[in-house]
Amino acid sequence: MAEDKEIRYDPATIEPKWQERWAADPTLYAADPVTSGKPKYYVLEMLPYPSGQLHIGHVRNYSIGDALARHMWMRGYNVLHPMGWDAFGLPAENAALKNHTPPREWTLSNIAGMKRQFQRLGMGFDWATEVTTCLPDYYRWNQWFFLRMYERGLAYRKKSKVNWCPECATVLANEQVIDGRCWRHEDTLVEQRDLVQWFFRITAYAQELLEGLDKLDGWPEKVRTMQRNWIGRSAGTEVEFGVENRSEKIRVFTTRVDTIFGATSVQLAPEHSLVASLTAENPGLKVQVAKLLEEQKSAREAGDVGAIDKHGVPTGHFAINPYSGELVPIWVANYVLSDYGTGAIMSVPGHDERDFEFATKYAIPVRRVIAPADPAAEEPELPFLSEDGVLINSGEFTGLTCEAAQSKLQQIAAEKGFGEAKVTFRLKDWGVSRQRYWGTPIPMIHCERDGIVPVPDDQLPVLLPAQVEITQQGGSPLGRVPEFVNVACPKCGGPARRETDTMDTFVDSSWYFYRYTDAKNSTAPFDPAIAKYWFPIDQYIGGVEHAILHLIYSRFWTRVMRDLGLITNDEPARRLFTQGMVIKDGAKMSKSKGNVVSPDDMVGRYGADSTRMYALFAAPPDRDLDWQEDGVAGVSRFLGRVYRLVMKYAPLARTATTAAIDAPAGLSLKLLRKLHQTIAKITLDFEGRWHFNTCVAAIMELVNEIQAVDAQLAAGEVPAPVMRELLTNLVLMLAPFAPYIAAELWEELGGEGAVLRAPWPISNPDLAREDEIEIPVQINGKLVTVVRAPTGSAADVIEAAALAEPKIQSRIAGKMLVKVIVVPGKTVNLVVK
RNA sequence: GCGGAAGUGGUGAAAUGGCAAACACACUAGCCUUAGGAGCUAGCGCCGCAAGGCUUGGGGGUUCAAGUCCCCCCUUCCGCACCA
């Protein structure tokens with residue numbers, strides 16, 4: 001190809017040129033109005049935190065979403081593909097401490113830089129709908145929602161034990177505590193503090209959030225399972241035990257009320273409200289209980305509550321079994337959790353593993369009250385855990401099955417008023433107060449006279465004060481700004497104080513995707529009619545690390561908005577895709593390991609197209625991807641081949657009219673066949689399988705096949721219309737993956753308008769069909785040879801061809817042909833003996 | 001312990017019950033030369049000169065046919081975990 005030498009693929013020239021042209025056309029990536037007759041498609045990637053730099057994982061995430069968005073545009077959909085910034089949060093305050101830059105400036109300048117990176121990568125976002133969560137025109141609606149939730153009792157204040165990260169100097173939600181440590185500081189143990197905090201009543205939606213998961217069949221099973229576990233529904237019974245010689249009662253929660261005749265003790269959590277009074281007259285006991293509490297706390301901090309050594313102390317008091325009247329000792333035990341169920345359990349050592357272990361240790365009686373359903377079965381060893389059994393030693397309930405006993409016992413408890421059927425959730429209300437500066441101010445006022453008074457709607461937004469000294473001392477930074485704190489009570493006009501806590505940043509990301517649909521609305525969070533058109537999101541794409549936090553909060557928020565009458569959908573996203581991580585040398589990238597790949601560096605050396613396309617080519621999108629720079633270079637070389645090929649034959653292709661090609665044959669047919677097979681494959685993949693790595697491979701195969709016959713092409717063996725068909729479709733298929741080179745070559749081929757809005761090619765099945773195929777021939781399931789037969793040949797024709805093969809003949813000679821299996825188009829298998 | 005995913009060449013991987021290793025990377029040999037982060041040709045799972053044989057973590061099974069479906073086991077990763 002000596003004559004090709006002057007044609008060189010130079011992304012450093014092509015890409016900035018197109019970037020400039022695209023920037024000059026704000027309508028290019030804009031969605032049509034809701035009145036457009038086109039079907040809608042809302043594709044969304046999770047918005048980034050503006051840390052200052054896009055990392056390579058972002059490049060992968062957004063390359064997937066952008067390829068899909070571009071494909072859907074080409075398919076003629078009305079596509080919404082927006083982008084924004086999850087811009088509140090602690091790092092801005094840390095940067096402020098370190099560099100004395102105000103959080104707002106730091107954040108906005110990071111956003112500007114990352115936006116440039118997005119644009120350099122050629123991501124097709126509609127920047128006209130950009131959402132920046134730290135700006136008042138966004139966060140005022142957080143406040144507005146807060147007020148609506150307050151009105152409905154969904155936002156409330158309570159004093160509670162909260163998770164406190166000393167490093168963040170703030171409260172963490174349960175979801176932000178991982179193994180007893182802060183989600184942002186893996187070396188920092190989370191402390192428990194008593195604080196009055198604002199909560200969102202997510203538990204009011206626990207059942208609905210759980211049930212909704214069954215219908216989310218477009219979500220990965222893994223995410224649904226994680227959410228199910230997190231919500232942790234458990235159906236059982238609450239039963240009240242009396243306390244001997246006292247008026248107090250102890251409520252226990254159990255899933256196995258059928259075993260209650262086997263309860264030989266009642267165990268209280270060290271923090272149970274009754275513990276203080278039961279130990280009041282016994283100082284020695286108090287000390288022991290304190291020790292149990294300490295053990296529980298340190299186990300929690302070590303992140304290994306499950307491995308705690310079971311300890312307990314008897315209180316000397318007795319509980320009264322409400323069914324049998326039996327007196328059983330009341331203990332305090334370190335393995336009973338105060339924040340699950342009622343903080344008290346009945347201990348049934350005969351039929352519960354933990355209770356058995358505990359009872360064995362302290363010589364508490366073990367009693368068998370359940371026998372296997374099958375009377376012939378051997379007497380099982382204790383603890384016998386199966387629920388497939390019948391009650392024994394259980395008074396009037398003896399003989400009932402476990403299941404029947406549970407409902408009977410529940411019924412009696414309800415009738416007599418000492419218990420009821422009860423569903424318990426592991427999910428807790430969402431603590432949203434943060435003692436930080438860089439977040440949405442909670443729109444509440446504390447008045448000496450009127451108590452808690454919501455900020456009236458017409459006084460929103462409650463603006464974050466600009467000048468705040470950020471320090472590491474505890475307490476809310478806003479508390480140190482008198483102009484902010486001191487305010488007149490909206491009710492009485494008297495002196496009052498503003499709430500100085502700000503909202504958890506997960507509030508911001510719980511509803512941002514609705515704002516995209518109507519981002520400039522200054523009188524409402526969004527127009528319900530527009531949201532109704534776009535929602536639910538058709539495809540949401542992000543990392544699996546958000547499986548619990550963001551994805552459960554936003555499902556909750558969607559239901560709250562639905563109940564406020566703002567939207568009609570129950571779920572925010574129909575389909576969710578969680579892409580794999582990008583790793584390097586088999587390990588997660590981190591600065592300390594020095595294996596961080598910089599997107600800027602990649603784009604600088606190989607161009608955006610090569611970087612993006614490699615991110616899609618190196619692995620299927622749902623799997624972890626080990627970044628190998630040689631691979632990027634390889635993709636870059638491939639794009640160079642495409643570039644030279646198209647540039648070389650574009651002049652010929654341009655001479656063709658758009659008239660249809662009639663009856664192609666020979667080489668033309670061969671190439672067109674490959675083309676149409678490739679179109680079919682890629683189109684199918686976009687419809688759900690999403691193996692973009694094999695899509696890129698298919699394009700490579702097509703290019704390889706065309707290139708292999710370069711000499712014949714150069715000799716003019718393939719006419720201009722065929723060349724035109726080949727090259728334009730090649731460029732169209734490349735467009736979702738490598739938008740710059742596609743735009744450049746589209747123009748070179750004389751394509752009309754933007755390649756992004758050119759129609760996606762349609763595979764012609766007649767052209768794609770091979771007229772002769774190879775069929776493997778097996779003997780007893782082992783491959784022996786391959787025969788060629790015309791496509792669609794009948795089974796007997798294929799069988800005859802197979803039997804005619806000399807290789808087959810010689811192998812079956814003298815043997816008995818038991819059976820011949822012919823799967824037309826697939827295989828022939830001869831079973832011989 | 002419970003739940004989920006995965007295990008295929010030197011590497012990333014492909015194969016939706018029907019020819020295992022497509023497409024790339026790396027490597028080897030050669031060509032070209034305006035010496036380029038270039039291009040072209042050929043080779044590249046393992047054993048074997050070859051003919052041929054063997055090969056998808058291990059074991060069993062279903063099937064005419066299994067990387068793919070079923071059962072058991074091993075390993076790795078992820079999530080949850082005294083949740084009563």
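Each chain gets a letter, A, B and so on, in the order the sequences are listed, and its residues count up from 1.
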Would you classify [X] as touching base, sugar-phosphate or nothing, given that sugar-phosphate means primed atoms plus P, OP1 and OP2, and contacts are heavy atoms under 4.0 Å?
X	result
G634(A)	sugar-phosphate
R689(A)	base
A618(A)	sugar-phosphate
V831(A)	sugar-phosphate

For the base of [N], is there a side-chain donor-acceptor partner from [X] under 3.5 Å away?
X	N	answer
N829(A)	C64(B)	yes
E774(A)	C19(B)	yes
K310(A)	C82(B)	yes

Considering only [options], which nucleotide approaches the side chain of [X] most closely?
X	options	value
P620(A)	A84(B), A13(B), C19(B)	A13(B)
D630(A)	A24(B), C19(B), C25(B)	C25(B)
Q778(A)	A65(B), A22(B), C40(B)	A65(B)
I821(A)	C64(B), G37(B), A84(B)	C64(B)
F617(A)	G12(B), G4(B), C80(B)	G12(B)
S234(A)	A84(B), C82(B), C80(B)	A84(B)
V336(A)	G3(B), C25(B), A84(B)	A84(B)
E701(A)	U16(B), C83(B), C23(B)	C23(B)
T694(A)	A15(B), G37(B), C19(B)	A15(B)
K222(A)	A65(B), A15(B), G4(B)	G4(B)

N or O in side chain of [X] less than 4.0 angstrom from [N] OP1/OP2:
X	N	answer
K782(A)	C54(B)	yes
R637(A)	A38(B)	yes
R8(A)	U34(B)	no
R224(A)	G79(B)	no
Q707(A)	G39(B)	no
T255(A)	C83(B)	no
N693(A)	A14(B)	yes

If you measure from the [atom1] atom in [N] to the same atom in [M], how many Å do you get, rounded?
N	M	atom1	result
A26(B)	C78(B)	P	30 Å
U34(B)	A29(B)	C1'	25 Å
G43(B)	A50(B)	P	15 Å
C80(B)	U11(B)	P	32 Å
C83(B)	U16(B)	P	43 Å
A6(B)	C69(B)	P	9 Å
G9(B)	G18(B)	C1'	23 Å
A15(B)	C23(B)	C1'	12 Å

Under a 3.5 Å cut-off for both distances, is [N] Watson-Crick or wobble paired, and to whom?
N	value
G36(B)	none
C82(B)	none
G67(B)	none
U75(B)	A6(B)
A51(B)	none

Problem - Option from V632(A), V696(A), V59(A), D630(A) for which side-chain contact (heavy atoms from CB on, under 4.5 Å) with Y614(A) holds - result: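 By the side-chain contact (heavy atoms from CB on, under 4.5 Å) criterion, Y614(A) pairs with just one of V632(A), V696(A), V59(A), D630(A): V632(A).
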From [atom1] of [X] over to [atom2] of [N], roughly how many Å is that when rounded to an integer?
X	N	atom1	atom2	value
L616(A)	C23(B)	CG	C1'	15 Å
I345(A)	A84(B)	CD1	P	11 Å
R623(A)	U11(B)	CZ	P	14 Å
I798(A)	C64(B)	CD1	P	20 Å
I552(A)	C80(B)	CD1	C1'	13 Å
L385(A)	C82(B)	CG	C1'	14 Å
D685(A)	A13(B)	CG	P	17 Å
K588(A)	U76(B)	NZ	P	19 Å

Practice task
Apply side-chain hydrogen bond (donor to acceptor under 3.5 Å, both in side chains) to K681(A) and T694(A), showing your working.
Solution key: CA-CA 9 Å; K681(A) 188 252 179 300; T694(A) 60; 2.9 Å; yes
Problem - Whichever of N704(A) and D352(A) has its nearest RNA chain B nucleotide further upstream toward 5' - result: N704(A)
Exercise for the section: Could you check A708(A) against M700(A) and say which one's nearest nucleotide on RNA chain B is further toward the 5' end? Expected result: M700(A)
Practice task
For the pair Q579(A) and R623(A), evaluate side-chain hydrogen bond (donor to acceptor under 3.5 Å, both in side chains) and give the outcome as yes or no after the intermediate values.
Solution key: CA-CA 7 Å; Q579(A) 92 271 10; R623(A) 217 184 293 182; over 6 Å; no
Exercise for the section: Drop me the distance from K584(A)'s NZ to D626(A)'s CG, to the nearest 0.5 angstrom. Expected result: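 The distance works out to 7.5 Å.
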Exercise for the section: Answer yes if the ring centres of F737(A) and F686(A) are under 6.0 angstrom apart, and no otherwise. Expected result: yes
Exercise for the section: Compute the centroid of each ring, for F358(A) and then for Y335(A), and state whether the two points are separated by less than 6.0 Å. Expected result: yes
Exercise for the section: Salt-bridge test for R228(A) and E221(A): reply yes if a basic N is under 4.0 Å from a carboxylate O, no otherwise. Expected result: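 Salt bridge: yes.
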Handout entry: SB check E420(A) R251(A) (cutoff 4.0 Å)
Key = yes
Handout entry: Audit row: Q707(A), R641(A), side-chain hydrogen bond (donor to acceptor under 3.5 Å, both in side chains) steps and yes/no
Key = CA-CA 9 Å; Q707(A) 242 191 346; R641(A) 287 210 304 280; 3.2 Å; yes
Exercise for the section: Syn or anti for G9(B), please, going by whether the chi angle lies within 90° of 0. Expected result: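 In terms of base orientation relative to the sugar, G9(B) is syn.
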